[in-house]
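Data first, discussion second: the structure below is written as structure tokens.
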Amino acid sequence: MKPVFAAKTHDHAACVADALGEAETLCQARGVKLTPLRRAVLELVWDSHRPVGAYDILDQLSKQRGRVAPPTVYRTLDFLLANGLVHRIESLNAFVGCSVGPDVPHSGSFLICTDCGRAAELNDNRIAAAVNLTLQGSGFRPDRHTIEVAGRCADCAAGPEAE
Ligand SMILES: [Zn+2]
Ligand SMILES: [Zn+2]
Ligand SMILES: [Zn+2]
């Protein structure tokens, strides 16, 4: 399996540009508006590959455009979540941009590095398929899967001498 975390040094501006471009296309296709506020929040979530909390987004947003009320941020995050543009990392109560693509049906499986704080999304339906197989005949109907694996990314596991 190829490394799922972005290289430590990479052109992150390109990640952000890709994400915003895809969001633009998706919203157009779905007939919903990527308002300047929604775009700004999405950009803040994509600020890095580290999941970011709603209050950090609120702080940053308030710096950009003056005081913003918390419900505004939550509503905006709900919109981004509903459209699959971001995921919520339950264990961190934080948000991260979707790197698989909202048009690919998936439910968000993440590797979370406890050293550098980055999260990497797994694009592999075998996990969900295995869970569904396990549940066969149980009568339980899963609505969503939340798979979050904590550990250390290859960079952090290699230690500082690898830098
Ligand atoms: Zn990046
Ligand atoms: Zn995703
Ligand atoms: Zn790491």
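Read the numbers this way: they start at 1 and go in the same order the structure lists the ligands and their atoms. Computed from a predicted model, the values in this text were never measured in an experiment.
- Vertex the Zn ion (ligand 3); arms to Cys156 SG and Cys153 SG; angle rounded to 10 degrees, 100°.
- Within His10, NE2 is the N, O or S atom that lies nearest to the Zn ion (ligand 1).
- Classification of Arg50 and Asp56 as a salt-bridged pair fails, no side-chain N sitting under 4.0 Å from a carboxylate O.
- Ion pair Lys8/Asp155 not flagged as a salt bridge, since none of the NZ, NE, NH1 or NH2 atoms sits closer than 4.0 Å to an Asp/Glu carboxylate oxygen.
- Within Glu121, OE2 is the N, O or S atom that lies nearest to the Zn ion (ligand 2).
- Here the angle at the Zn ion (ligand 3) defined by SG in Cys116 and SG in Cys113 stands at 100°, rounded to 10 degrees.
- Open room surrounds CZ on Arg67; 12 or fewer heavy atoms of other groups in view lie less than 6.0 Å from it.
- In this structure, OG on Ser109 lies 4.0 Å from CD1 on Ile147, to the nearest 0.5 angstrom.
- Looking at His106 and the Zn ion (ligand 2) together, the shortest N, O or S contact belongs to NE2.
- Of the candidates Val41, Val45, Val52, Thr76, Val45 is the only one forming a side-chain contact (heavy atoms from CB on, under 4.5 Å) with Val86.
- Here the two rings, on His87 and Phe110, have centers that are under 6.0 Å apart.
- Rounded to the nearest 10 degrees, the angle NE2 (His49) to the Zn ion (ligand 1) to SG (Cys15) equals 120°.
- Within His12, the N/O/S atom positioned nearest the Zn ion (ligand 1) carries the name ND1.
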